[in-house]
There are 4 protein chains.
Amino acid sequence: MTKNLTRREKVKLANREAILSAAEEIFAEKGFYAATVDEIAERAEFSKGALYTYFKNKEDIFLSLVLDKVDKQKEMNQGLGASLAPMECIKRLIRAHLKFFEENKEYFQIITSERNRFKPGTKNKLRRELMKRFQSYLKDVEGLMKAAIDKGDLKNLTPNYLAIALIGIINSFTAQWIFTGSESSLQEMSEVVTKLFLEGAKA
Amino acid sequence: MTKNLTRREKVKLANREAILSAAEEIFAEKGFYAATVDEIAERAEFSKGALYTYFKNKEDIFLSLVLDKVDKQKEMNQGLGASLAPMECIKRLIRAHLKFFEENKEYFQIITSERNRFKPGTKNKLRRELMKRFQSYLKDVEGLMKAAIDKGDLKNLTPNYLAIALIGIINSFTAQWIFTGSESSLQEMSEVVTKLFLEGAKA
Amino acid sequence: MTKNLTRREKVKLANREAILSAAEEIFAEKGFYAATVDEIAERAEFSKGALYTYFKNKEDIFLSLVLDKVDKQKEMNQGLGASLAPMECIKRLIRAHLKFFEENKEYFQIITSERNRFKPGTKNKLRRELMKRFQSYLKDVEGLMKAAIDKGDLKNLTPNYLAIALIGIINSFTAQWIFTGSESSLQEMSEVVTKLFLEGAKA
Amino acid sequence: MTKNLTRREKVKLANREAILSAAEEIFAEKGFYAATVDEIAERAEFSKGALYTYFKNKEDIFLSLVLDKVDKQKEMNQGLGASLAPMECIKRLIRAHLKFFEENKEYFQIITSERNRFKPGTKNKLRRELMKRFQSYLKDVEGLMKAAIDKGDLKNLTPNYLAIALIGIINSFTAQWIFTGSESSLQEMSEVVTKLFLEGAKA
DNA sequence: AATGAATGAGGATTCATTCAT
DNA sequence: CATGAATGAATCCTCATTCAT
């Protein structure tokens, strides 16, 4: 699909990626408002004006970036469900999540910082779109939970709650990993997270 | 303690609170950068200039606000440990947390949004101070975990991990509660949260 | 004249003086614009509001201050002319000037800094007044010069030029004295100044 | 030297000059503080924002302006000393000074107004730099005086005093020329100034 | 009279966006 | 297409002045 591109198109695409990658770093460091287009341009090694040939405006850069990643994260879920046993799915889901955040820690930072700004009612079309995908992503995890409950693998609790709890644990470990300097590998936490989520803290 | 104030002093204190309260709403809605001093002033029903007789600058408003709340949240923890059985402590901690966030949802939004900006290395003195208190707060929860482990009430896992997991679950429920419109009471989630944290999801 | 004051009036007058004295220091340090009413009030150990019971506004403080001093400086000249020989007059004038500036160095700084702002055409009534007095002061010195020329004591040059030159020398010595820290006495310069003015630099 | 510029660079340079020129007028009229960036921009026929692509801030405009001129004034002195007889040097110095001030009367006004603010101890690096050049300029004049004394052309007085006196006379004539409307040529004063400085006022 | 909190106009500065080259 | 200078709206902050107490 992404084949059959002229050289020109390939360059454009690569440039776009370079800009998004620079933007990701800056947005993660400073947040949407404190980040400046100048800074993004500089980090991307483009002129400020060039950014405007690739993107409509600052917000477009931001949302393009986030939508991309949200989709990738969603794909991750989809590659899972398949034919596996629900329990195995959950284990893989946890590992996949931690891997994804380890490889996309800027994205994680952006999301946790800006999520507030994307509450229902947001007018902007792109933002609504973003919200839709967030929720659809949560639904996917919920689906997994529901399947596991039906199989008798998980307690019969509201799937929504189970999804919230799991995502909460994952996010919390990720946040702390980033905060403390992220030297070690976040994926190594998979087992603790899995154990805590499935078996709880009680002795 | 806070007695023996002249009428004037009482007014000043009340005004200060009013400003902080307005600021809390605005900062929660928009984040530190997108919030404008004008808007805070308007919401507080003061002139722009008045804010500057109460606070040094925008950041001072922000940090005063957050430091206040962090301290209150910390006090909450301290009222706990006492003579209770560790297990009971944890239950109460969960309930107290949810209650606190229910009553301070703006604070919750602020914290989750801006935490990134408070990474170690931050130069500003007040910000360093804030970080110190965040960490000290986490340590308190860890302490509780450790006590429960020693009692044989919790699994013998790194207390730090247990604290991270618990806080993650609480935050995640809070975030979702806020996101979905926060009609019902967040405290009602206490039991689910406790159950999930202690017994895990597995059937 | 300034007798027969009630105690109250005496206090008012003293307060007024105190404010002007504080203002003098601040205006000398920072200039009219950079000086703030707050700072003057603080230095005078009055509340900001109090200043406004003594003076109409910031400019009023400034001009009251300057007019006062200009008048004193003018009086100085008048005490001179009298019955003395012109040459003696000039010597005394020089000494008197240096003494006056030594004792009023803040005033000197203010005048040299703000004189530009008082060009002809200035609308403000008080400022016009100030300009009038400046010029009348120059005229006095010119008068002395003229008398000395008529007596055959000074070269037959335009008295205006002689006055300008003399004042220039005096100001320049004063400025340098202030600039270098004004440790020694400025009056000690009287003889050099007199010699230079009267006999010139040539060997 | 200042060749080999692209057209763009030439435009930039010209714009910079235009801004400095506008600033010179405004600063001369009102002083550093009372001058507004808006006004400078308007006079230069640029937008406010444009000034900030050429200069870091208002102070940078001011100091760039002044440093430029101080250097030019200093160059003037250097072109002098050379092989000439000291007496001739002094005559030329006087004429050159008056010419320079005639052509740079805004600069003269700025300097006399703001010199106070540049006392030793000023923290700012650029301001220190400015002070250094002022003093170095005075030293140059002193040097000339010393040479003339050594030649037996001038009275054996402290060269510093001679320099102060000469500069004082020049400044005073310049100030009066500006004050009275500067219709005639200031350079015409050269002979009076020279005569007064060298031969003094005494008949 | 004295106080100092409140006001709000005004000013420096930043930055997303546009556009001539 | 790319550039980066120019724009001007938006924002933080200051400070002279007023006024209720």
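Letters A, B, ... mirror the listed sequences (proteins, then strands); counts begin at 1. Keep in mind the model is a prediction, meaning the values are calculated, not measured.
Residues satisfying the ring-ring contact (aromatic ring centres under 6.0 Å, His included) criterion with A:Phe134, sequence neighbours excluded, are absent altogether.
When each of F:dT3, E:dA2, E:dT7 is scored by its nearest atom to the side-chain atoms of A:Ala50, the top-ranked nucleotide is F:dT3. Proximity note for C:Ser47 (side chain, C-beta onward) versus F:dG4, F:dA6, E:dG4: the nearest is E:dG4.
Rounding to whole angstrom units, CD of residue B:Glu42 and P of F:dA10 are separated by 15 Å. If you measure from atom CG of B:Asp60 to atom P of F:dC12, you get 14 Å, rounded to the nearest angstrom. Protein atom OH of B:Tyr54 is 13 Å distant from nucleotide atom P of E:dG4, rounded to whole Å. In this structure, A:Phe46 atom CZ and F:dC1 atom P are separated by 12 Å, rounded to whole Å. Across the protein-nucleic acid pair, B:Ile40 atom CD1 and F:dC12 atom P stand 8 Å apart, rounded to whole Å. Distance, D:Leu51 CG to E:dG11 P: 15 Å, rounded to whole Å. Rounding to whole angstrom units, CD of residue D:Glu9 and P of F:dA5 are separated by 10 Å. Counting to the nearest Å, the P atom of F:dA10 and the NZ atom of B:Lys30 are 13 Å from each other.
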Evaluate side-chain contact (heavy atoms from CB on, under 4.5 Å) for B:Ile110 paired with B:Phe62, printing each intermediate quantity in order.
CA-CA 10 Å; B:Ile110 292 169; B:Phe62 180 76; 3.5 Å; yes
In sequence, state the C-alpha distance, the side-chain angles, and the governing distance for B:Leu20 and B:Phe55, and then conclude on side-chain contact (heavy atoms from CB on, under 4.5 Å).
CA-CA 10 Å; B:Leu20 286 179; B:Phe55 300 94; 3.6 Å; yes
Can you check side-chain hydrogen bond (donor to acceptor under 3.5 Å, both in side chains) on D:Tyr52 and D:Asn57, steps first, answer last?
CA-CA 6 Å; D:Tyr52 286 87; D:Asn57 53 31; over 6 Å; no
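Residue-environment remark: CD (C:Glu59) exceeds the threshold of 12 foreign heavy atoms within 6.0 Å.
Between A:Phe27 and A:Phe32, the ring planes lie parallel to each other; the angle is under 30°, not in the 30° to 60° tilted range.
For D:Thr53, a side-chain nitrogen or oxygen approaches OP1 or OP2 of F:dA6 to under 4.0 Å. A close approach under 4.0 Å does occur between a side-chain nitrogen or oxygen of B:Asn15 and OP1 or OP2 of E:dA6.
In this structure a side-chain-to-backbone donor-acceptor pair under 3.5 Å is present from C:Ser113 to D:Ser113.
The existence of a salt bridge linking C:Glu39 and C:Lys48 is excluded, since no basic side-chain nitrogen approaches an acidic carboxylate oxygen closer than 4.0 Å. Salt bridge A:Lys105/A:Glu25: absent, no basic N to carboxylate O contact under 4.0 Å.
In DNA chain E, consecutive stretches of 3 or more Watson-Crick or G-U wobble pairs with both distances under 3.5 Å are given as paired ranges: E:2-21 with F:2-21.
C:Phe55 comes within 4.0 angstrom of nothing in the nucleic acid, heavy atoms only.
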Which letters describe nucleotides 12-19 of chain E, given B = protein heavy atom under 4.0 Å from base, S = only from sugar-phosphate, - = neither?
SBBSSBB-
